[in-house]
Number of protein chains: 2
Amino acid sequence: MEERQFTCHCSTERCLHKVPLFASLNDASLESLTDKMSHRVYQKGEILVMEGQQPLGFTVIHSGSAKAYRTTSDGKEQILYIFPAHDYFGARFLFTEDEVPYCVEALEETHVCILSKQQLKDILIEHPKVALELIEAMAKRMKRLELLMQQSGKKKAEIRIAAILLEFAETYGTQENGRTVVNLPLSQEGIANYVGVARETLSRKLSQLEEEKIVEFTERLQMVVLDTEKLIALSSGEYELNV
Amino acid sequence: MEERQFTCHCSTERCLHKVPLFASLNDASLESLTDKMSHRVYQKGEILVMEGQQPLGFTVIHSGSAKAYRTTSDGKEQILYIFPAHDYFGARFLFTEDEVPYCVEALEETHVCILSKQQLKDILIEHPKVALELIEAMAKRMKRLELLMQQSGKKKAEIRIAAILLEFAETYGTQENGRTVVNLPLSQEGIANYVGVARETLSRKLSQLEEEKIVEFTERLQMVVLDTEKLIALSSGEYELNV
DNA sequence: GCAAAAGTGTGATTTGAATCACAACATCTT
DNA sequence: AAGATGTTGTGATTCAAATCACACTTTTGC
């Protein structure tokens with residue numbers, strides 16, 4: 001096993017540069033900001049923040065990825081967000097509460113940079129353009145939530161599954177001679193918890209999707225989208241899986 | 001019937017004063033802003049914006065209320081938001097898209113004040129505190145969406161119903177010697193569309209709630225909450241309705 | 001390399017809510 | 001006041017997904 005790393009290379013690499021949120025800052029302010037941030041490394045399975053705890057702060061994922069989830073009353077985990085590399089979290093709950101509303105857990109080795117609430121507020125007041133960016137970013141996240149809401153109102157599992165697969169394709173997919181190859185961030189069990197259906201239902205639906213040549217599961221945690229059109233039609237309810 | 005009103009009293013009443021979003025603006029900037037806004041009046045059932053259209057702008061509800069909904073592929077309406085008086089909408093889609101993602105319809109006679117995208121942006125750049133307020137407001141709305149998401153992942157209808165009733169109690173309830181009297185903004189049919197269950201299911205569940213003396217429906221569009229604790233327990237899944 | 005653990009596929013059964021189908025009210029309208 | 005229209009309650013039936021149960025496969029850790 002590799003030696004565990006306790007520092008990240010943020011200061012040298014100026015990791016914030018890759019985050020669209022801070023795109024409008026010039027290099028000088030960016031560097032002074034980076035110096036002020038604290039940096040941490042988490043191994044796969046480690047918890048970044050625990051539901052009910054004090055918020056860590058505004059957290060930028062430098063590398064790696066994480067999932068945010070809550071444990072429901074019947075003991076299952078409902079995943080709310082997957083944060084890929086260069087994404088961030090914390091703005092939403094830094095501003096609304098006292099305690100974090102969900103657990104965030106690393107899905108792999110993950111390096112993060114953290115900004116305290118006050119630091120973030122200072123930046124937003126000083127650089128209104130960053131605030132505007134943040135508003136836009138939040139709007140995008142809301143858009144996704146609204147879409148999911150709409151779909152989850154409906155019972156059909158396949159609609160919601162198709163929507164999540166499309167989300168994955170967009171976030172983790174790469175084009176390879178026409179087909180979209182997607183490295184899934186979660187196992188089937190995890191996807192089921194994200195979609196909010198039973199693991200068995202997901203397994204059955206995925207088999208159907210393969211039968212109908214809409215997607216293909218080549219190896220563990222890898223999916224190839226064969227027919228994006230159909231997947232979109234499915235997610236909007238225009239198309240249904242035949243038995 | 002009363003004569004239809006085509007102008008609102010914004011300029012004299014400084015309606016924006018009541019909107020927490022603009023609380024940090026001084027009277028002078030508030031008044032100059034108010035003059036720049038356009039004002040409109042809608043009757044019950046009139047559409048403020050249509051799904052797919054160009055956004056109206058950032059819209060503040062001066063008086064009245066409205067619902068935002070989408071029509072799903074199977075022809076039902078899924079209500080996403082209810083906007084009460086002094087609430088506002090538009091920030092979310094002004095920043096993300098080209099077209100409005102849902103219909104907004106007046107639930108009663110409704111007076112609104114509208115700010116164009118550019119006007120809003122200018123204010124946000126000039127008054128970073130307003131931007132901070134907007135971020136907080138969006139965070140709150142996201143919090144609600146996340147909560148609903150979580151609950152809609154679960155199948156139990158009563159959990160989601162309880163959550164919505166609590167939301168209504170908070171927004172439209174008034175304390176009257178211990179009990180909370182709530183003037184509902186929607187009919188049963190509307191509530192069903194908001195929760196995302198069949199109208200019949202809602203009716204049955206509400207009857208059960210009355211049987212168990214948790215709420216009481218005194219007159220049309222009026223609910224009295226008798227046992228808030230139980231309603232909360234129900235919404236979190238700690239308590240279940242006995243047949 | 002082998003055992004334990006984690007993840008996956010598939011049938012049989014149960015269950016909760018959607019759907020269908022009306023009857024009973026309430027509310028607009030003229 | 002009476003018909004029309006919209007709203008609500010309740011039974012019977014259907015149906016999709018959860019649950020249960022277990023075989024099978026893959027990964028992981030020592």
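Each chain gets a letter, A, B and so on, in the order the sequences are listed, and its residues count up from 1.
With rounding to whole Å, Leu206(A) atom CG is found 11 Å from dT10(C) atom P. Separating the CD atom of Glu210(A) from the P atom of dT8(C) is a distance of 12 Å, rounded to the nearest angstrom. Atom CD of Glu219(A) is separated from atom P of dT8(C) by 14 Å (rounded to the nearest Å). In this structure, CG of Asn193(B) is placed 15 Å from P of dG6(D), rounded to the nearest angstrom. As rounded to whole Å, 12 Å separates atom P of dA18(D) from atom CD of Gln78(A). Spacing between atom CD of Glu189(B) and atom C1' of dG9(D) amounts to 14 Å, rounded to whole angstrom units. Residue Gln208(A) contributes atom CD, which lies 16 Å from atom C1' of dT8(C) at whole-angstrom precision. Rounded to an integer number of Å, the gap from Phe217(A) CZ to dT8(C) P is 10 Å.
For Gln78(B) and Asn193(B), the side-chain atoms include no donor-acceptor pair closer than 3.5 Å. Between the side chains of Ser203(B) and Arg199(B), no donor-acceptor pair is found at a separation under 3.5 Å.
A cation-pi arrangement is absent between Arg92(B) and Tyr81(B) under the rule of less than 6.0 angstrom and at most 45 degrees off the ring axis.
Checking the phosphate oxygens (OP1, OP2) of dG9(D), a side-chain nitrogen or oxygen of Ser203(B) falls inside 4.0 Å. Within the structure, every side-chain polar atom (N or O) of Ser187(A) is placed at least 4.0 Å from both OP1 and OP2 of dA6(C). Under 4.0 angstrom from either OP1 or OP2 of dA6(C) there lies no side-chain N or O belonging to Gln188(A).
Residues meeting the ring pair (Phe, Tyr, Trp, His ring centres under 6.0 Å) test with Phe93(B), sequence neighbours left out: Tyr102(B).
Looking at Lys67(B) and Glu77(B), a side-chain N of the basic residue comes within less than 4.0 Å of a carboxylate O on the acidic one, giving a salt bridge. Under 4.0 Å is where a charged nitrogen must lie from a carboxylate oxygen, and between Asp227(B) and Arg179(B) no such pair does. The pair Arg70(A)-Glu51(A) meets the salt-bridge criterion, since a charged nitrogen lies less than 4.0 angstrom from a carboxylate oxygen.
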Discussion item. Please encode protein proximity along nucleotides 12-30 of chain C as a string of B, S and -, counting only heavy-atom distances under 4.0 Å.
Written reply: B----SSBB------S---
